[in-house]
Novice: 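Okay, handing you the structure first.
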Amino acid sequence: MYRAPRGTSDILPGEQAYWRYVEQKVVDICQLYGYERIDSPVFEDTGLFTRSVGPGTDIVEKEMYTFTDKGGNQVTLRPEGTAPVCRAYLEHGLHNLPQPVKLYYLAAVFRYERPQAGRYRQHHQFGFEAIGDASPALDAEVIDMSWQFFLSLGLRHLSLLLNSIGCRQCRPGYLRRLEEYYAGHAEALCPDCKVRLERNTLRLLDCKKPACQKLAGLAPRSADNLCPDCAAHFDQLKRYLDRLEIPYTVNHRLVRGLDYYTRTVFEIQPMSGGSQSTLGGGGRYDDLIEELGGKPTPAIGLAAGIERMILNLKQQGVAVPPLAKPGVFLAHIGEEARDEAMKLASGLRRSGTGVILATGNRSLKAQLRQANSAGVRYAVIMGEEEIRAGKVILRDMVNAEQQSVPMSELPALLG
RNA sequence: GUGAGUGUAGCCCAGUGGUCUAAGGCGCCAGGUUGUGGCCCUGGAUAUCGAGGGUUCAAAUCCCUCCACUCACCCCA
């Protein structure tokens, strides 16, 4: 028997209310802040991701679903959402629009990883991007929007982590200081961190091993090593957030996994978070558009995982509104009634009344049982006798009262 | 890629060598008199006990291999 591929899953009808709920909240918040939807292809030229995400990152090194198509093109199922949006921004000349351009997406993303709680090979992200403005006021707006979004979902006990990792000017100097610091403590590092020291110094900061955390706590902080412009930007952002009463925590060990981030980085996670708990993360990527062949264009955005949101909604017992369904079940007895019922059902639906029509020729008892489990308010019963009189039985499934009514009055009674 | 745990019906699961021609619950189907649901009662269908190999007179139960799932690491949403 075939199964869904590892790390993927079917979203069955019973789960859909959560998805529609989250999607509606996404649409609402984006409308509120003036972000417009964009949908990009599921796959892109591989180069778009290797160039933007960064050749040294895990995503590019081992997690991409890359294949050669029949035309010999190297393509990759998108492992993240920002690069495609930037590509679209350049491809369609969106820099000609008033800046910043504000876009959002809801999309499946693909990473070849070992699945575990809150981590899948195909998962879904909501993300939004504000492209073409360097002001810290935009950082504040994006973070505010992110925060308000999670609140609007009904999630509580969240924390907002904030940091600045500098820019092209100041980061190299900071990384050197960090390397120097760690070089003096190389013996004390865990095996993973010894590798990180060679490959990705920033990542040393967020190792979870207690010994490494202790070292990271004493390590030089990026926020203390910013150039004057970055420092001013970070200060201004914090002032804005204070003003907006957004409860952020500066975390000097917060670094993000993709190479394109500059200056502001932030992450939102549940306070009681176990592993794989980050709900969303984002930051500035002021050099990315230029890296992809555009003019220097500052930008900032957020990406958040929908599966993790739903996980948290369930954990926190947030009730989501049920999906709409038909309120009427149409039962029938006998051949003649069945034909008549089909016609009636179709007529009701054409006038906008949702109807579940019994199929087959099951007993009335069975049909009503089905009506009950379908959760309808009314059952309409068509029997031979009623049809001859031009009537049907209208049964209220809640208070178990029923009456015989003329078929012509049914639309009004049910509407 | 690494480590640990688990695999019995659609779902939750009992069963740790013979009484298992596999128990129970949920769900599903049908009955409890003629054309009426939810509660209750009765009955029924659904399981090559993850797959293959081995040990044994005898394996769901022991051993080996493989596969899948779960959790954790790595990393990320």
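By convention in this document, chain letters (A, B, ...) are assigned in the order of the sequence lines, proteins followed by strands, and residues within each chain are numbered from 1. Values below: all heavy atoms of this structure, side chains included; hydrogens, waters and symmetry mates excluded.
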Novice: Below 6.0 angstrom between ring centroids: does that apply to A:Tyr285 and A:Tyr260?
Specialist: yes
Novice: In the structure shown, which nucleotide is the Watson-Crick or G-U wobble counterpart of B:A58, with both distances under 3.5 Å?
Specialist: none
Novice: Under a 3.5 Å limit for both distances, which nucleotide forms a Watson-Crick or G-U wobble pair with B:C28, could you say?
Specialist: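 By the stated definition (distances under 3.5 Å), B:G44 pairs with B:C28.
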Novice: Identify the nucleotide, in any strand shown, that forms a Watson-Crick or G-U wobble pair with B:G5, with both distances under 3.5 Å; if there is none, say none.
Specialist: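 Base-paired to B:C69.
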Novice: Within the 4.0 Å heavy-atom criterion, would you say A:Glu386 contacts the bases, only the backbone, or no part of the nucleic acid?
Specialist: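 Base contact - A:Glu386 has a heavy atom under 4.0 Å of at least one base atom.
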Novice: Could you state the atom-to-atom distance from OH of A:Tyr120 to P of B:C69 in whole Å?
Specialist: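 Checked: the OH to P distance equals 13 Å.
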Novice: Given the side-chain rings of A:Phe149 and A:Phe126, with only the six-membered ring counted for Trp, is the space between their centroids under 6.0 Å?
Specialist: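 Judged by ring-centre distance (under 6.0 Å), A:Phe149 and A:Phe126 do meet the cut-off.
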Novice: Please tell me if A:Gln370 has a side-chain N or O lying less than 4.0 Å from either OP1 or OP2 of B:G37.
Specialist: no
Novice: Among B:G31, B:C76, B:G38, which nucleotide sits nearest the side chain of A:Asn372?
Specialist: B:G38
Novice: For B:C69, take OP1 and OP2 only and decide whether either is under 4.0 Å from a side-chain N or O of A:Arg6.
Specialist: yes
Novice: Applying a 3.5 Å limit to both distances, which nucleotide forms a Watson-Crick or G-U wobble pair with B:U16?
Specialist: none
Novice: Where is the tightest heavy-atom contact between A:Ala83 and A:Ser52, given as atom of each residue plus distance?
Specialist: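 Nearest heavy atoms, A:Ala83 then A:Ser52: CB-OG, 3.2 Å.
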Novice: Taking only the P atom of each, what is the distance from B:U8 to B:A30 in whole angstrom?
Specialist: 29 Å
Novice: Any idea which heavy atoms bring A:Leu161 and A:Leu254 closest together, and the distance?
Specialist: O-CD2, 3.5 Å
Novice: For B:U36, does OP1 or OP2 lie under 4.0 Å from any side-chain N or O of A:Lys365?
Specialist: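 For B:U36, OP1/OP2 do not have a side-chain N/O of A:Lys365 under 4.0 Å.
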Novice: If we call it a pair only when both distances are under 3.5 Å in a Watson-Crick or G-U wobble match, what pairs with B:U36?
Specialist: none
Novice: For A:Tyr104, does the six-membered ring have the charged nitrogen or CZ of A:Lys102 within the cation-pi criterion, i.e. under 6.0 angstrom from the centroid and within 45° of the normal?
Specialist: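 The answer is no, since A:Lys102 fails at least one limit relative to A:Tyr104.
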Novice: Hey, which of these two, A:Cys207 or A:Gly280, hits RNA chain B nearer its 5' end, going by closest nucleotide?
Specialist: A:Cys207
Novice: Just checking A:Glu307: base, sugar-phosphate only, or nothing, at a heavy-atom cut-off of under 4.0 Å?
Specialist: nothing
Novice: So does A:Glu267 reach the base of B:A77 with its side chain, donor to acceptor, closer than 3.5 Å?
Specialist: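 It does not, because no donor-acceptor pair links the side chain of A:Glu267 to the base of B:A77 below 3.5 Å.
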Novice: From the set B:C76, B:U2, B:C75, return the single nucleotide nearest to any side-chain atom of A:Arg196.
Specialist: B:C75
Novice: What integer number of Å spans the P atoms of B:G37 and B:C20?
Specialist: 38 Å
Novice: Nearest to the side chain of A:Gln116, which nucleotide is it out of B:U36, B:C75, B:A72?
Specialist: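 Closest nucleotide to the A:Gln116 side chain: B:A72.
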Novice: Roughly how far, to the nearest 0.5 Å, is CE of A:Met271 from CZ of A:Arg156?
Specialist: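 The CZ atom of A:Arg156 sits 11.5 Å away from the CE atom of A:Met271.
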Novice: Using atom P of each nucleotide, how far apart are B:U70 and B:C26 to the nearest Å?
Specialist: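 Taking atom P in both B:U70 and B:C26, they lie 28 Å apart.
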Novice: Give me the distance, rounded to whole Å, that separates B:A58 from B:U16 when you measure between the C1' atoms they each carry.
Specialist: 16 Å
Novice: When you measure from the side-chain N and O atoms of A:Arg362 to the phosphate of B:C29, is any distance below 4.0 Å, counting only OP1 and OP2?
Specialist: yes
Novice: Taking the side chain of A:Ala117 as heavy atoms from C-beta outward, which of B:G38, B:C71, B:A77 is closest to it?
Specialist: B:C71
Novice: How many whole angstroms separate atom CG of A:Asp58 from atom C1' of B:U2?
Specialist: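 Computing the A:Asp58:CG to B:U2:C1' distance gives 14 Å.
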Novice: Distance check: side-chain N/O of A:Arg256 vs OP1/OP2 of B:A77, anything under 4.0 Å?
Specialist: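 So the side-chain polar atoms of A:Arg256 do come within 4.0 Å of the phosphate oxygens OP1 or OP2 of B:A77, strictly under.
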Novice: Taking only side-chain N and O atoms of A:Arg369, does any of them lie within less than 4.0 angstrom of OP1 or OP2 on B:A30?
Specialist: yes
Novice: So does A:Gln367 reach the base of B:U36 with its side chain, donor to acceptor, closer than 3.5 Å?
Specialist: no
Novice: Using the P atom in both, what is the distance from B:G53 to B:G10, to the nearest Å?
Specialist: 24 Å
